[in-house]
Structures are given as structure tokens and as C-alpha cells.
Protein chains: 2
Amino acid sequence: MPVKGEITKPQQRREQAREAIRQEILAASRLIITREGFGALTMRKLAQHVGYSPAAIYLHFRNRDEIAQDVSRSGYAELLAALSSAVDASPGDAVSRLRALCAAYVRFGLENPQTYSLIFMEDPAYLAAVLAQQAADDPGARAYALLIDSAEALIAAGHKLPKVGKPPRAATAVEFAETIWASLHGIVSLKVICPAFPTSSAEVLMPIMVESLLGSTTTAPAAENGSQRKR
Amino acid sequence: MPVKGEITKPQQRREQAREAIRQEILAASRLIITREGFGALTMRKLAQHVGYSPAAIYLHFRNRDEIAQDVSRSGYAELLAALSSAVDASPGDAVSRLRALCAAYVRFGLENPQTYSLIFMEDPAYLAAVLAQQAADDPGARAYALLIDSAEALIAAGHKLPKVGKPPRAATAVEFAETIWASLHGIVSLKVICPAFPTSSAEVLMPIMVESLLGSTTTAPAAENGSQRKR
DNA sequence: GTCTATAGGCTGATAGAC
DNA sequence: GTCTATCAGCCTATAGAC
């Protein structure tokens with residue numbers, strides 16, 4: 001139904017219809033992927049799901065990869081939403097927010113294994129594309145930025161990041177944030193691919209990681225109990 | 001050529017020939033996988049490589065999965081060898097050995113991305129099978145045990161593992177070891193699937209992780225500088 | 001034992017009728 | 001625009017000739 005007062009040319013109506021079908025196809029793709037994984041997304045199955053012939057899909061998407069990219073993008077958007085709301089709901093201090101962020105990340109991965117697998121464990125193209133396109137509105141880039149910002153907030157709050165390299169220097173916010181991310185990804189990806197294997201639960205592994213990493217930072221203002229463990 | 005003094009019956013000779021062909025097929029499989037990845041291992045390509053027809057492969061292996069299992073097993077053996085030699089070459093103290101183990105693990109993964117991918121990032125069957133079969137001679141189980149042992153050596157050397165859970169209790173050796181493993185896996189798997197993405201190099205990320213985790217342990221005997229960071 | 005030939009299935013993608 | 005029909009290729013696995 002056109003908005004009152006707007007002129008709806010036949011062209012526009014057609015455009016809207018096209019977009020609606022596109023979204024319908026994407027919704028079906030997401031459903032198939034979250035249920036059976038990316039490998040199960042075939043053009044035939046997808047066409048059957050939306051009630052078209054396989055050939056019709058190609059009128060709206062160039063190929064299977066373009067669909068995967070779009071679904072991937074919405075997967076990053078879901079992740080971003082989960083992380084954002086966790087950050088917003090947490091208390092004000094930097095440490096608490098970082099803890100909340102980590103917990104939300106792991107929870108998202110475990111609750112959406114197929115989506116997580118698609119966006120972080122499948123073809124590198126989707127992952128690389130996120131980094132390559134520095135568009136600030138990309139949900140993947142924004143999720144990444146959320147983590148970096150949290151590490152910077154830690155520094156701003158007076159925490160000193162752990163030393164690294166020879167000669168030793170303080171780790172940068174990006175290095176520290178990526179260390180956290182890689183650690184969390186290790187838990188999630190192992191659990192996603194083989195739920196039984198790390199015999200300990202993510203609820204046990206994650207706090208050990210996060211608290212160790214947070215513990216490796218030292219607070220500058222309150223130097224009463226300096227906990228440097230080396231040099 | 002039979003060993004001098006042994007009686008080589010026709011039966012034995014045939015057995016040896018069969019085994020030789022089996023090994024030849026496995027060698028070709030490893031070559032294909034390390035070059036092009038597990039996905040590129042097809043019966044046709046494999047047959048072409050060893051100079052047989054596709055059908056001939058089925059005389060020596062039940063199916064593709066059996067080949068994958070065998071290659072996977074040898075992958076675990078390679079990993080075990082890399083870890084063992086690193087442990088043997090390191091100084092005696094528990095901390096140094098754990099550091100050496102971690103460095104060797106990451107190095108192995110980065111130097112053998114396709115093998116690493118096969119044994120830790122593909123079909124869960126291979127990973128689960130290693131855990132399921134508690135056979136002590138399985139290379140995968142032995143590599144796992146090597147890590148657990150290192151964590152236990154840390155305890156034996158007087159280190160207290162970090163607290164976890166509510167109410168807080170000290171983490172077990174298995175929990176601590178699996179935390180280390182998951183962290184390292186996070187680095188390697190991200191780098192393997194998308195070398196460009198964690199923008200920091202593994203050489204930077206890995207020490208931050210390992211030193212943080214080691215730093216979260218406290219040495220009991222020398223309690224002069226207790227570095228509890230909480231409670 | 002090893003081969004050729006082939007069954008029977010799947011895939012992504014396209015040409016051309018309506 | 002949407003369809004049917006099909007291409008060209010891949011796959012695992014097997015039957016039966018030599």
C-alpha cells in the first residue's frame with residue numbers, strides 16, 4: 001500500500017515487488033541455513049521453499065555466493081544486535097562491559113551455531129569482505145569496532161595492557177581486543193563443530209580466559225598492590 | 001625384498017603388496033589434501049594421482065571417509081611429533097615446557113593449515129572419534145594427554161590454577177588445559193581460514209594469551225608477592 | 001585383481017518457450 | 001517474469017568384462 005500523498009508510478013510498484021521477492025528468498029535462505037547449515041543451501045531446495053523454479057532465483061540474485069553474502073551480512077547484524085544490547089545493559093565500568101560483551105559473544109555463537117559457522121568458519125570470502133570494506137555501516141565492521149572500543153575504554157579507565165614483544169612494550173588496544181576475540185572464537189568454534197570435545201563447558205572455559213586476560217591488565221592509579229608477574 | 005631368514009609365503013607377499021598400495025593411496029591423499037584441502041580429495045582425482053581407476057580405490061578402502069580417517073590419524077601423529085619434540089627440547093621447568101608446547105602447537109597449525117583444518121575444523125566425526133576411542137596409542141589422544149600432563153606438572157610444581165565458578169574453586173588441570181587449547185585453536189583457526197583477519201600476527205596474540213593464562217596461576221611456595229587480582 | 005562402463009545421484013547455472 | 005528442459009559437471013559406488 002503506497003504512502004498517502006506519494007505518487008506511485010508503475011516503475012516503483014515493480015521495484016517494490018522485486019524487493020519483496022528478494023527478501024522472501026533471503027528469509028527462506030536464512031531458515032534453511034539456520035536449520036541445516038550453509039552446505040544444505042542449494043538453489044533447488046531454495047526454489048522449492050519459496051515456490052519458484054530454480055531458474056527464477058537467478059532473476060533476483062546473480063549466484064549462490066551473492067545470497068550467501070547477504071545472509072552472512074544479516075548474520076553479522078544479529079551478532080551486532082546481541083553484542084550491543086549486552087553492552088547497553090551492563091553497568092558503566094569498562095571491565096563489566098567487557099565481561100558482558102564476552103559473555104554475549106559466546107552465548108550468540110552457541111545459540112546460533114549455523115549462523116556463527118557461516119560468518120566465521122566457512123569460506124574466508126565473507127570474513128575477508130567484512131574487513132576489506134571499511135564502510136562504517138557494515139554490521140560486521142561495527143561489531144568489530146565495538147570490541148576495539150571496549151579495549152580502548154579499558155585503557156581510558158586507567159588499565160595498563162599486558163606487555164608483549166622484545167623489547168617489551170604494552171599491547172595496543174587492537175592487539176588486546178583481537179586476543180580476546182580469538183580466545184572466544186576458539187571456544188565457540190570448537191563447541192560448534194564438536195559439542196562433546198572440549199569436555200569442559202563453555203561456561204567454565206570462558207571465565208578462565210576472560211578473567212586471566214583482564215587480570216593481566218594492571219590498574220595504574222591504585223598501585224597499592226602492584227601485581228606485575230614479571231620483570 | 002624379504003628379510004633374510006624369514007620365510008615369505010605367497011600369502012605374506014600378497015599382504016605386503018596390498019599394504020604397499022594402501023600406503024601409496026594414503027600418501028597421494030595426504031599430498032592432495034595438504035595442497036588443495038580436504039574438499040579437493042575426490043576418488044577420481046585420487047585414482048588419477050596413483051595411476052589406478054576410481055574403482056580400484058574401493059578395493060583398498062571402504063569409502064572416502066575411511067581414507068579421511070586414516071589421513072586424519074596421520075595428521076594427529078604429525079601434530080603429536082611436533083609437540084613431543086618441542087616438549088623434549090625445552091628446559092625442565094613446567095612453565096617453560098608449557099610455553100614451548102603452545103608455541104609448537106600454533107606453529108604446527110600455521111605451517112600445516114590444510115592438515116590442521118582437516119583434523120580440527122572439518123567434519124566433527126574425526127574429532128569426536130579421537131575422544132571417543134580412549135585407546136592410549138591413538139596419536140590424537142596422546143597429543144591431548146600431553147597438554148593435560150603439562151597442566152598437571154604446573155600444579156605439581158606448586159602453581160595454583162585460577163579460580164572459577166560460584167562458589168569459587170580452583171580450576172582442574174583438564175579445565176585449565178582445555179582453556180589453553182581453545183585459546184590457541186582460536187588463533188590458529190582464524191588465521192587458517194582467513195590469514196588477513198585478526199590483523200595482529202599470531203606471534204603477538206599467542207604470547208598475550210599464554211602469559212595471561214600463566215600469570216593467572218599463583219605460585220604457592222613463594223607467597224611474598226601474592227598477586228590475587230580479585231576477592 | 002584390476003579394469004571399463006555405468007548407474008544414479010547431486011550440483012550451479014543457462015537457453016529458449018510461453 | 002516465470003517456466004520447462006537441459007547443459008556440463010561433479011560425486012560415490014557398483015556390476016561385470018578381462
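Values reported hereafter were calculated over all heavy atoms of this structure, with side chains retained and with hydrogens, waters and symmetry mates removed. So you know, we letter chains A, B, ... as the sequences are listed, proteins then strands, and number each from 1.
- Going from atom NE2 of A:H60 over to atom P of D:dC3 covers 10 Å, rounded to whole Å.
- In this structure, B:R22 places its CZ atom 17 Å from C1' of C:dG1, rounding to the nearest Å.
- Within the structure, a side-chain polar atom (N or O) of A:R14 is placed less than 4.0 Å from OP1 or OP2 of D:dG1.
- Residue B:Y52 places its side chain closer to C:dT2 than to any other of C:dT2, D:dA13, D:dC11.
- Note: CZ (B:R64) to C1' (D:dC11) measures 9 Å, nearest angstrom.
- Separating the CG atom of A:D65 from the C1' atom of C:dT11 is a distance of 14 Å, rounded to the nearest angstrom.
- Straight-line distance from the CG atom of B:L46 to the P atom of D:dC10: 16 Å, rounded to whole Å.
- Straight-line distance from the CG atom of A:L41 to the C1' atom of C:dT11: 12 Å, rounded to whole Å.
- Judged by distance alone, the side chain of B:D138 and the main-chain N or O of B:A141 form a donor-acceptor pair under 3.5 Å.
- Contact check on B:E66 versus B:R62 returns a salt bridge, with a Lys/Arg side-chain nitrogen under 4.0 Å from an Asp/Glu carboxylate oxygen.
- The backbone N or O of A:L110 sits nowhere less than 3.5 Å from a side-chain atom of A:K191 that would complete a donor-acceptor pair.
- You'll find that the side chain of A:I21 is closest to D:dT2, out of C:dC3, D:dC7, D:dT2.
- Remark on DNA chain C: of its neighbouring residues A:P54 and B:G51, the 5'-side contact belongs to B:G51, judged by nearest-heavy-atom nucleotide.
- The side chain of A:S53 contributes no N or O atom lying less than 4.0 Å from OP1 or OP2 of D:dT2.
- When rounded to the nearest whole Å, the span between OH of A:Y58 and C1' of D:dC3 equals 15 Å.
- Nearest nucleotide to the side chain of A:A56, out of C:dT2, D:dT12, D:dC3: D:dC3.
- More than 12 heavy atoms of other residues, nucleotides or ligands sit less than 6.0 Å from atom CD of A:E19.
- Across all strands shown, A:A55 has heavy atoms under 4.0 Å from base atoms, whether or not it also approaches the sugar-phosphate.
- Nearest to the side-chain atoms of B:L59 among the listed nucleotides C:dG1, D:dT12, C:dG12 stands C:dG1.
- As rounded to whole Å, 13 Å separates atom C1' of D:dC3 from atom CD1 of A:I57.
- No cation-pi contact links B:R142 to B:Y76, judged by a cut-off of 6.0 Å to the six-membered ring centre and 45° from its axis.
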